[in-house]
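In what follows, residues are counted from 1 in the order of the sequence shown.
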Amino acid sequence: ALAHEQGFKGLNVTIPHKVTVAAALGKLTVQAKLVGAVNTISFVDSEADYNFVDTAGGDTLRRGKSNWHQISGHNTDVVGLARVLRAHDVQGQVVILGAGGAASAALVALEAHGCPGAIVVARQYPRAQSMLQSLLEAGLSPAFLANCSILSIEQLPHKLDLIARAGCFINASPIGQGLIELPFWLTPLLNSFGRDALILDLVYARGGRTALCQL
């Protein structure tokens, strides 16, 4: 509210606040509603062709320009990932590392792109299960989610052959964001992919490539 009063047009939201912010806003894009996480707050009328959901009333508002004078929440991770997947014509199985808001956004983007499913690698197996259940309840395709499997870190050494068939890897975890040393299991995971696999890292690094991209 203070930022709005001071003339800001919007705010960026990063971890660990994306989910909390989504629950607090009255209007979300359909993508943000599906993901259950917001990374951008807009204080201005939207001129983009967004499809909004009134989270208070559950009504879908019309597309296109309109005089909306209320705060809206967006998830640009979905849009950005969908564009990259389309540009690289990603086909077949995709591996996602993570089970938070960014991983949910990746799954929504994959479903929109037409991918048949995904392998979710998670450090916390129950959290990944909860993520998939939340996406199902939010309205993501049951057929797509039925083709999504979960692998725990402990299972990785025995499933690298399965991962090797995937053509795309998305790091949707905070790994590599700080100065903490990368986990020992990450190198064998990356080495299992083919040389032509697409590697996407949703972590951002100040002044250069992320630790994962350098690896």
Side-chain angles (χ1 to χ4, degrees), residues 12-42 46 48-55 58-61 63 72-122 124 126-151 166-175 198-204:
N12 172 248
V13 183
T14 189
I15 57 172
H17 307 297
K18 294 181 180 183
V19 174
T20 304
V21 165
L25 296 179
K27 188 176 70 172
L28 303 175
T29 61
V30 169
Q31 293 92 340
K33 176 64 175 173
L34 276 174
V35 175
V38 160
N39 69 355
T40 306
I41 301 173
S42 176
S46 175
D49 190 24
Y50 284 111
N51 204 11
F52 285 101
V53 172
D54 181 347
T55 56
D59 297 323
T60 301
L61 304 178
R63 285 178 171 268
S72 58
H74 304 245
N75 192 300
T76 61
D77 288 338
V78 176
V79 179
L81 275 169
R83 288 176 180 173
V84 173
L85 294 169
R86 185 167 58 250
H88 290 270
D89 192 27
V90 172
Q91 303 289 332
Q93 195 77 276
V94 174
V95 176
I96 298 173
L97 176 61
S104 293
L107 287 168
V108 172
L110 288 170
E111 192 276 335
H113 179 65
C115 287
I119 300 173
V120 178
V121 178
Q124 301 179 39
R127 188 179 181 190
Q129 288 180 311
S130 178
M131 175 184 68
L132 295 182
Q133 182 61 35
S134 294
L135 287 169
L136 179 64
E137 293 171 358
L140 194 62
S141 166
F144 171 78
L145 290 171
N147 283 324
C148 292
S149 57
I150 303 171
L151 288 180
C168 178
F169 170 72
I170 302 174
N171 176 34
S173 78
I175 286 178
L198 177 65
I199 307 296
L200 299 174
D201 193 356
L202 301 191
V203 164
Y204 47 86

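- Expressed to the nearest 0.5 Å, how far OG of S134 lies from CG of L140 amounts to 11.5 Å.
- Taking the side chain as every heavy atom from C-beta outward, V203 and I175 never approach each other to under 4.5 Å.
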Side chain to side chain contact (heavy atoms under 4.5 Å, CB included) between T29 and V78, intermediate numbers included | CA-CA 11 Å; T29 61; V78 176; over 6 Å; no
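- The shortest side-chain heavy-atom distance between L107 and E111 does not fall under the 4.5 Å cut-off.
- Nearest heavy-atom pair, L81 versus A109, reported as atom, atom and distance to 0.1 Å: CB-CB, 3.8 Å.
- L25 has its side chain out of reach of S72: every pair of non-hydrogen atoms, C-beta onward, lies at least 4.5 Å apart.
- Closest approach of A37 to G101, counting heavy atoms only: CB-CA, 4.1 Å.
- The two residues A32 and G73 have their closest heavy-atom pair at CB-O, 3.9 Å.
- Between L198 and V84, some side-chain heavy-atom pair lies under the 4.5 Å cut-off.
- Between the SG atom in C168 and the CD atom in Q91 there is a gap of 11.0 Å [rounded to 0.5 Å].
- The CG atom of L97 sits 10.5 Å away from atom CD1 of I170, with the distance rounded to the nearest 0.5 Å.
- For the pair R127 and M131, the minimum side-chain heavy-atom distance is 4.5 Å or more.
- Taking both residues in full, the closest heavy atoms of G98 and S173 are given as CA-CB, 4.1 Å, listed atom of the first, atom of the second, then distance.
- For T40 against T76, the heavy-atom pair with the smallest separation is OG1-CG2, 3.8 Å.
- Counting heavy atoms from C-beta on, the side chains of L135 and F144 never come closer than 4.5 Å.
- Considering only heavy atoms from C-beta on, Q31 stays 4.5 Å or farther from L34 through its side chain.
- Remark: side-chain polar atoms of H113 are paired, donor with acceptor, to backbone N or O of V90 under 3.5 angstrom.
- The nearest pair of heavy atoms linking L28 to K33 is CD1-CA, 4.0 Å.
- Using a distance-only test at 3.5 Å, with no hydrogens or angles considered, a donor-acceptor pair links the side chain of N147 to the main chain of P116.
- Between the side chain of S130 and the backbone N or O of P126 there is no donor-acceptor pair closer than 3.5 Å.
- A donor-acceptor contact shorter than 3.5 Å links the side chain of N12 to the backbone of N39.
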